[in-house]
Chemist: 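Would you mind keeping the following structure in view while I ask a few things?
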Amino acid sequence: MLKVYNTLTREKEEFKPLKKGEVGIYVCGVTPYNDPHIGNARPFVVWDVIRRFFKKSGYKVKYIQNFTDVDDKIIRKANEEGVSWSDISDRYIASYFEAMDALGVRRADIYPRVSEHIPDIIAMVQTLIDKGYAYTVDGDVYYSVEKFAEYGKLSGRNLEDMQAGARVEVDERKQNPMDFALWKAAKPGEPSWESPWGKGRPGWHIECSTMSLKYLGKTFDFHGGGSDLIFPHHENEIAQSQACCGDTKSFAHYWLHNGFITIHEEKMSKSKNNFFTVQDILKQYPGEVMRFFILQTHYRSPLDFSDERLKEAQAGLARLKHSREYAEVLSKRQGDASTAQALAAMAAQAKRDFYAALEDDFNTALAISYLFALSKEINIYSNEIANNGLDFDAAGFAEAKAVYDEMAEIIGLFETQAAPVDDGLVEPLMKLIISIRQEARQAKNWALADKIRDELKAAGIVIEDSPTGARWKKV
RNA sequence: GGCGACAUAGCCAAGCGGUAAGGCCGGGGUCUGCAAAACCCCUAUUCCCCAGUUCGAUUCUGGGUGUCGCCUCCA
């Protein structure tokens, strides 16, 4: 039984799909005005796993993720650079996909953009006006929060408290300081579209209501995003969507919010200028390491970013990879002893535990621990075979590997292949050097063998001997 | 000021009423001509503090202390 923590009720609830065997997911995407930093990437990595989990569990998944490509910051950046707003959004959407590809995040089913849904947005705003939830002022359209009785239900606030502590400068034209813009009248130098209220552009929030309605319907299963979107963004989406549909039970059933990635315990954010972009980190670590780093912590917890943490993730991931290689090799060798029955049983148990962990509010950290548990079991058997001549059971290893791969696939590991950096010359040269050294070793000429190894090391190449021959790698 | 989250070994991190998963680091060993790599084993009588509820609490309740977040653009 799948249980999920719902921000709306502040409880873990049993997940009941709207339609049996199907799940609809809307995750708030990015405003493309910058390269994504690792904090931005977190929700997409998390949801990528959730989606893989649902698919593996037999659900038909519809996963929508928007791009807010009409926005103040995009416009500002475009004006700074003297290019069009769409040049900026196109550039950073491409950057976003580049980062997601590196992290092994599979594509959503649809990536709707604000700029391609202006008529839908206008229609929704008009409906809100018609129903009395919105009013126009000088070409702007505002949502009247007082008209929506349940305003604040997601974020656990009420209008009185918010007004008491409001730090925003009050726009005197608003009926209530908390009213927010559905449509903004055009200003010089801004992109704009014709509307019943004059030229203008959509406010923030309305696009998600409109596009989720269009692609997932009035009611759907999951809505996700970072915790910072709970208020005002998701609160406002609820107000818009439920007012529009006239049904306070409509819209998303389960609201999932991920915690922040921090640096020195402080939220990573563009405004604090304490962020690391995915692309920057990729210069030091493979995307897979970042992904593993993110998933080793439960999605709702804060996650402190540092080089140290990434190094740890890399070491742990390397351990998992080694075991997979063992299982792979042994599953293909000849061997029909049934010594690995315990291994197969262990694998079956690991698989059950793994799924149970994910069914408990997508506890990837716990799930990954079962990957390590199976890894250890595989290593023990491999050692018995290598060191004690135990007969082995290829079928047992094949079974363990199948389970191992299934778990890894949901977490999204082992998918990226290291790009060979060979220029066509290094490989044959190294082969030659290694074979010369091997001859020296066979002649017990340790002085020469060690000299070759030491000098290569000084040149940045490490030689590692093994029963099946020497390996080399750049440091 | 309002609302909320979190505090578990050297570091990271699960668990959230039945007696502390996992990873990293460190220590010991196996393998190796020597190394390296890899693997195996070991590493918290104890879960921020103080009360309370309970046969029993890291887990629940109350009160502290500390850290972080939202209330303004933010994943």
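In what follows, every heavy atom counts, from backbone to side chain, and hydrogens, waters and symmetry copies are set aside.
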Chemist: Nearest whole angstrom, please: distance from the C1' of C12(B) to the CD1 of Ile261(A).
Modeler: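 Between C1' of C12(B) and CD1 of Ile261(A): 14 Å.
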Chemist: Considering just the side-chain nitrogens and oxygens of Lys272(A), establish if one lies under 4.0 Å of OP1 or OP2 belonging to G69(B).
Modeler: yes
Chemist: State the pairing partner of A44(B); accept Watson-Crick or G-U wobble contacts with both distances under 3.5 Å, and report none otherwise.
Modeler: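 Check on A44(B): unpaired, no WC or wobble geometry under 3.5 Å.
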Chemist: Nearest of A75(B), G22(B), A36(B) to any side-chain atom of Val462(A)?
Modeler: A36(B)
Chemist: Identify whether any heavy atom of Asn379(A) sits under 4.0 Å from a base atom; if not, whether one sits that close to sugar-phosphate; answer base, sugar-phosphate or nothing.
Modeler: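 Since only primed, P, OP1 and OP2 atoms lie under 4.0 Å of Asn379(A), the category is sugar-phosphate.
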Chemist: Compare the minimum distances between each of C12(B), A14(B), A37(B) and the side chain of Arg471(A), then state the nucleotide with the smallest one.
Modeler: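 Nearest nucleotide to the side chain: A37(B).
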Chemist: Between the side chains of Lys431(A) and Glu427(A), is the shortest nitrogen-to-carboxylate-oxygen separation below 4.0 Å, so that they form an ion pair?
Modeler: no
Chemist: Is C68(B) paired to anything, Watson-Crick or G-U wobble with both distances less than 3.5 Å, and if yes, which nucleotide?
Modeler: G4(B)
Chemist: Taking Asp361(A) as the fixed residue, which of Lys12(A), Arg300(A), Lys3(A) is the one that meets the salt bridge (charged side-chain N to carboxylate O under 4.0 Å, His left out) rule?
Modeler: Arg300(A)
Chemist: Please determine, for A37(B), whether a Watson-Crick or G-U wobble partner exists with both distances under 3.5 Å, and give it or none.
Modeler: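 The answer is none; no pair meets the criterion.
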Chemist: Take atom P in G64(B) and the same atom in G4(B), then report the distance between them in whole Å.
Modeler: 15 Å
Chemist: Looking at A75(B), C41(B), A13(B), which one has an atom nearest to any side-chain atom of Lys267(A)?
Modeler: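 When the side chain of Lys267(A) is considered, A75(B) is the closest of A75(B), C41(B), A13(B).
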Chemist: Between A14(B) and Ser301(A), is there an OP1 or OP2 to side-chain N/O distance shorter than 4.0 Å?
Modeler: yes
Chemist: What is the distance from OH of Tyr299(A) to C1' of A5(B), rounded to the nearest Å?
Modeler: 14 Å
Chemist: Nearest of C70(B), G33(B), A75(B) to any side-chain atom of Thr31(A)?
Modeler: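 Looking only at heavy atoms from C-beta outward on Thr31(A), the closest nucleotide is A75(B).
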Chemist: Thr297(A) near the nucleic acid: base, sugar-phosphate alone, or nothing, with a heavy-atom cut-off under 4.0 Å?
Modeler: sugar-phosphate
Chemist: Base, sugar-phosphate alone, or nothing: which one does Arg324(A) contact when heavy atoms must sit under 4.0 Å apart?
Modeler: nothing
Chemist: On RNA chain B, does the nearest nucleotide to Leu366(A) precede the nearest nucleotide to Pro43(A) from the 5' side, or the other way round? Give the residue.
Modeler: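 Looking at RNA chain B, the more 5' nearest nucleotide goes with Leu366(A).
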Chemist: Roughly how far apart, to the nearest Å, are U59(B) and C6(B) at atom C1'?
Modeler: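 Those two atoms are separated by 15 Å.
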Chemist: Of the candidate nucleotides C34(B), A36(B), C71(B), which contains the atom at the shortest distance from the side chain of Arg441(A)?
Modeler: C34(B)
Chemist: Can you tell me the pairing partner of G10(B) across any strand shown, Watson-Crick or G-U wobble, with both distances under 3.5 angstrom?
Modeler: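 Partner of G10(B): C24(B).
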Chemist: Is any side-chain N or O of Gln296(A) under 3.5 Å from a base N or O of G23(B), one able to act as donor and the other as acceptor?
Modeler: no
Chemist: Nearest-Å distance, CD (Glu265(A)) to P (C68(B))?
Modeler: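 For the pair Glu265(A) CD and C68(B) P, the rounded distance is 8 Å.
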Chemist: If I pick the P atom on A57(B) and the same atom on G26(B), what distance separates them, to the nearest angstrom?
Modeler: 38 Å
Chemist: Report which part of the nucleic acid Lys457(A) touches: base, sugar-phosphate, or nothing (heavy-atom distance under 4.0 Å, all strands).
Modeler: nothing
Chemist: Would Arg76(A) and Asp71(A) pass as an ion pair if we require N to O under 4.0 Å?
Modeler: no
Chemist: Can you find an N or O donor on one side and an acceptor on the other, under 3.5 Å apart, linking the side chain of Asp450(A) with the base of G33(B)?
Modeler: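 Donor-acceptor pair under 3.5 Å: yes.
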Chemist: Have a look at Gly39(A) and say if it touches a base, only the backbone sugar-phosphate, or nothing, with a 4.0 Å heavy-atom cut-off.
Modeler: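 Since a base atom lies under 4.0 Å of Gly39(A), the category is base.
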Chemist: Taking atom C1' in both A9(B) and U45(B), what distance in whole Å separates the two?
Modeler: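 After rounding to an integer number of Å, I get 13 Å for this pair.
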Chemist: Classify Ile230(A) by what it touches in the nucleic acid, base, sugar-phosphate, or nothing, heavy-atom distance under 4.0 Å.
Modeler: nothing
Chemist: Could one point to a donor on the side chain of Asp454(A) or the base of C34(B) with an acceptor on the other under 3.5 Å away?
Modeler: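 No, no donor-acceptor pair under 3.5 Å.
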Chemist: Does C39(B) have its OP1 or OP2 closer than 4.0 Å to a side-chain nitrogen or oxygen of Asn383(A)?
Modeler: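 Indeed not, no polar side-chain atom of Asn383(A) lies that close.
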Chemist: Quick check: on RNA chain B, is the nucleotide nearest Lys376(A) upstream (toward 5') of the one nearest Ala315(A), or the reverse? Name the residue that is more 5'.
Modeler: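 Here Ala315(A) is the residue nearer the 5' end.
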Chemist: Using Watson-Crick or G-U wobble geometry with both distances below 3.5 Å, tell me the partner of C60(B), or none.
Modeler: G52(B)
Chemist: Does Arg453(A) contact C34(B) through a side-chain donor or acceptor facing the base, at a distance under 3.5 Å?
Modeler: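 Answer yes: a donor N or O sits under 3.5 Å from an acceptor.
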Chemist: May I ask you to decide whether Arg113(A) forms a salt bridge with Asp90(A), counting only side-chain N to carboxylate O separations under 4.0 Å?
Modeler: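 Yes.
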Chemist: Of all the choices, C40(B), G15(B), G33(B), which nucleotide is nearest to the side chain of Ile380(A) once you look at every atom?
Modeler: C40(B)
Chemist: Using the C1' atom as the reference point in each nucleotide, state the distance between G17(B) and C60(B) in Å, no decimals.
Modeler: 8 Å
Chemist: Gly224(A) near the nucleic acid: base, sugar-phosphate alone, or nothing, with a heavy-atom cut-off under 4.0 Å?
Modeler: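 The residue Gly224(A) makes no contact with any strand.
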Chemist: Would you verify whether the NZ or CZ of Lys62(A) falls within 45 degrees of the ring axis of Phe220(A) while also being under 6.0 Å from that six-membered ring's centre?
Modeler: no
Chemist: Please determine if a side-chain N or O atom of Lys12(A) lies less than 4.0 Å away from the OP1 or OP2 oxygen of C16(B).
Modeler: no
Chemist: Using a cut-off of less than 4.0 Å, is there contact between a side-chain N or O of Lys444(A) and OP1 or OP2 of C34(B)?
Modeler: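 Indeed not, no polar side-chain atom of Lys444(A) lies that close.
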Chemist: Is it the case that over 12 heavy atoms from other parts of the model lie below 6.0 angstrom from the NZ atom of Lys272(A)?
Modeler: yes
Chemist: Before we go on, tell me: are the rings of Tyr254(A) and Tyr5(A) under 6.0 Å apart, centre to centre?
Modeler: no
Chemist: Roughly how far apart, to the nearest Å, are U46(B) and C34(B) at atom P?
Modeler: 43 Å
Chemist: Taking only the side-chain heavy atoms of Arg157(A) (C-beta and beyond), determine which of A75(B), C24(B), G2(B) contains the nearest atom.
Modeler: G2(B)
Chemist: Figure out the CG/P separation between Asp304(A) and U67(B), and round it to whole Å.
Modeler: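 The distance from CG of Asp304(A) to P of U67(B) comes to 15 Å, rounded to the nearest Å.
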Chemist: Under 4.0 Å, counting only non-hydrogen atoms across every strand here, what does His298(A) touch: a base, just sugar-phosphate, or nothing?
Modeler: sugar-phosphate
Chemist: Indicate yes or no: does Arg201(A) engage Glu207(A) in a salt bridge with an N to O separation below 4.0 Å.
Modeler: no
Chemist: Establish, yes or no, whether the cationic atom of Lys267(A) lies under 6.0 Å from the six-membered ring centre of Phe260(A) and within 45° of the ring axis.
Modeler: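 Yes, cation above the ring, under 6.0 Å and within 45°.
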Chemist: Tell me whether the NZ or CZ atom of Arg352(A) lies within the 45° cone about the ring axis of Tyr370(A) and under 6.0 Å from its centre.
Modeler: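 Relative to the ring axis of Tyr370(A), which defines the angle, Arg352(A) lies outside at least one limit.
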Chemist: Measure from the side chain of Glu464(A), starting at C-beta and using heavy atoms only, and say which of C40(B), A37(B), G4(B) lies closest.
Modeler: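 Closest nucleotide to the Glu464(A) side chain: A37(B).
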Chemist: For G62(B) versus A21(B), give the span between their C1' atoms, rounded off to a whole number of Å.
Modeler: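 The answer is 31 Å between these two C1' atoms.
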Chemist: Considering only the C1' atoms, how many Å lie between C42(B) and C24(B), rounded to the nearest integer?
Modeler: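 After rounding to an integer number of Å, I get 16 Å for this pair.
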Chemist: Tell me: CD of Glu384(A) to P of C41(B), nearest whole Å?
Modeler: 11 Å
Chemist: Rounded to whole angstrom units, what separation is found between the CG atom of Asp48(A) and the P atom of A75(B)?
Modeler: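 Rounded to whole Å, this separation is 19 Å.
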Chemist: When you get a sec, tell me which of U67(B), A13(B), G22(B) is the closest nucleotide to the side chain of Ala365(A)?
Modeler: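 The answer is A13(B).
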Chemist: Starting from P on C11(B), measure out to CD on Glu308(A) and report it in whole angstrom.
Modeler: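 Taking CD of Glu308(A) and P of C11(B), I get 11 Å after rounding.
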Chemist: I'd like to check, for Phe260(A), whether its ring lies over the base of A75(B) with centroids under 5.5 Å apart and a plane angle smaller than 30°.
Modeler: no
Chemist: If you check every side-chain atom of Phe231(A), which of C41(B), C11(B), C71(B) has the closest atom?
Modeler: C71(B)
Chemist: Whole Å only: how far is the CG atom of Asp465(A) from the C1' atom of C34(B)?
Modeler: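 Roughly 10 Å, once rounded to whole Å.
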